[in-house]
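Here is the structure we will look at, set down as structure tokens.
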Amino acid sequence: MRFWLLAIGICLLTVACEQPREHTAPAIHERDSVSMMTTYGVNTLISDSGVIKYRIVTERWDVNTIKQPTRWTFERGIFLEQFDEKFHIEGYIYADTAWYFDQIKLWELRGRVRIRNVNGLVFRSEELFWDGLKHEFYSHKYSRVVTPERELEGTYFRSDEHMRHYEVTNSVGSFQSEDLEPEPEEPVKEPDKNKNAADTAKQEKPMRPAAVKHKATVKPSHP
């Protein structure tokens with residue numbers, strides 16, 4: 001009996017002496033995965049070389065200056081307004097997710113990408129790149145372009161950043177009849193009145209039967 005009491009006492013003493021352990025997660029060593037700045041509810045104007053280029057409206061804006069290339073991240077969608085040099089609105093851009101690599105001036109738009117300009121052009125795709133150095137848009141995924149005059153669909157799209165000159169390859173589409181070049185028509189020859197009159201007079205003149213000449217056959221006489 002004493003042995004069991006002694007064993008129980010040792011167990012209780014051992015449990016009482018143990019200190020509680022803290023369960024902590026490992027430290028994050030990749031510092032470049034953390035944004036340097038996070039802003040919520042953004043509605044601001046962005047300028048380039050002192051000229052206002054566009055307005056950004058987004059729910060969340062993350063800026064990371066450690067990752068290379070440095071970037072802005074818009075994981076909760078973005079809405080942009082484009083302006084010309086006189087601060088007139090040229091178009092609207094929307095995307096579910098976007099990244100802007102400020103060192104190379106490249107936008108990468110993903111998800112439901114939509115563009116509409118003042119000329120009535122509407123662009124739809126799931127991917128779009130906007131190169132600020134070359135001043136052009138391009139996409140390697142299915143894209144659709146709708147204008148008041150035509151509709152185009154294709155797997156490759158390229159355009160200037162004003163959406164005035166663009167091309168769609170591997171495409172199908174519909175066009176208005178005015179867009180198609182008419183085939184050259186053959187010139188219609190006017191009838192020759194004098195020739196027709198001569199032919200009519202010739203047909204009305206009675207035809208005489210041609211004289212038939214018979215060739216005589218001479219048989220040799222027998223002696």
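Nearest heavy atom pair, residue D160 against residue F137, reads O-CD1, 3.5 Å. In this structure, R60 and T58 approach most closely via the heavy-atom pair O-OG1, 3.2 Å. Of all the heavy atoms in Q82 and E161, the pair that sits closest is NE2-O, 3.3 Å. Of all heavy-atom pairs between T73 and E75, the closest is CG2-CG, 3.4 Å. Nearest heavy atoms, D102 versus W72: OD2-NE1, 4.3 Å. When all heavy atoms are compared, the tightest approach of S125 to S143 is OG-OG, 3.3 Å.
When atom types are taken as modelled, the side chain of D131 and the backbone of L106 share no donor-acceptor pair closer than 3.5 angstrom. In this structure, the side chain of R71 engages the main chain of P69 through a donor-acceptor pair within 3.5 Å. Remark: the backbone N or O of N64 is not paired with any side-chain donor or acceptor of T70 at under 3.5 angstrom. A donor-acceptor pair is defined here as one N or O able to donate and one able to accept, closer than 3.5 Å; no such pair exists between the side chain of E108 and the backbone of A98.
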Self-check item: side chain to side chain contact (heavy atoms under 4.5 Å, CB included) assessment of K53 paired with I46
Solution: CA-CA 6 Å; K53 293 293 185 178; I46 304 297; 5.8 Å; no
**Request:** Take W130 and E136, measure what side chain to side chain contact (heavy atoms under 4.5 Å, CB included) needs, and give me the verdict at the end.
**Result:** CA-CA 6 Å; W130 181 4; E136 65 178 12; over 6 Å; no
For this session: Start with the C-alpha distance between R114 and Y92, add both sets of side-chain angles, then the distance that settles side chain to side chain contact (heavy atoms under 4.5 Å, CB included), and finish with yes or no.
Result: CA-CA 8 Å; R114 304 289 185 267; Y92 307 91; over 6 Å; no
* **Check against side chain to side chain contact (heavy atoms under 4.5 Å, CB included), V146 and F123** => CA-CA 7 Å; V146 180; F123 171 87; over 6 Å; no
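Here the CG-CZ distance, from L45 to R55, works out to 5.0 Å after rounding to the nearest 0.5 Å. Separating the CD atom in E81 from the CD1 atom in I56 is a distance of 11.5 Å, to the nearest 0.5 Å. Expressed to the nearest 0.5 Å, how far NZ of K141 lies from OG1 of T155 amounts to 12.5 Å. To the nearest 0.5 angstrom, D96 atom CG is 13.5 Å from R76 atom CZ. The CZ atom of F157 sits 13.0 Å away from atom CZ of R124, with the distance rounded to the nearest 0.5 Å. With rounding to the nearest 0.5 angstrom, the CE atom of M37 is 3.5 Å from the OG1 atom of T39.
Side-chain atoms of Y142 and R144 include no donor-acceptor pair closer than 3.5 Å. Under the 3.5 Å distance criterion, with hydrogens and angles disregarded, no donor-acceptor pair is assigned to the side chains of E59 and Y40.
Looking at L109, L128, V168 one by one, the single match for side chain to side chain contact (heavy atoms under 4.5 Å, CB included) with S139 turns out to be L128.
Hydrophobic clustering of Ile, Leu, Val, Met, Phe, Trp and Tyr side chains at less than 4.5 Å, counting indirect connections, unites V42 with V63. I78 and W99 fall into different hydrophobic clusters, where Ile, Leu, Val, Met, Phe, Trp and Tyr are joined by side-chain heavy atoms under 4.5 Å apart, directly or via other members.
For H88 and F83, the distance between ring centers is not under 6.0 angstrom. For Y94 and F79, the ring centers sit 6.0 Å or farther from each other.
Side-chain contact between I66 and M36: present, with at least one pair of heavy atoms (C-beta onward) separated by less than 4.5 Å. The closest side-chain heavy-atom distance from V122 to V145 is not below 4.5 Å. Proximity of T147 to N119: side-chain heavy atoms (C-beta onward) are nowhere separated by under 4.5 Å.
Using cut-offs of 30° and 60° on the angle between ring planes, the pair Y54 and W107 is perpendicular.
Counting heavy-atom neighbours within 6.0 Å of Q103 CD, excluding the residue itself, gives a total above 12. Summarising the local packing, CZ of R116 is surrounded by 12 or fewer heavy atoms from other residues, nucleotides or ligands at distances under 6.0 Å.
Residues R164 and E90 are paired through a salt bridge, judged by an N-O separation under 4.0 Å between the basic side chain and the carboxylate. A salt bridge is absent between E126 and R112; no separation between the charged side-chain nitrogens and carboxylate oxygens falls under 4.0 Å.
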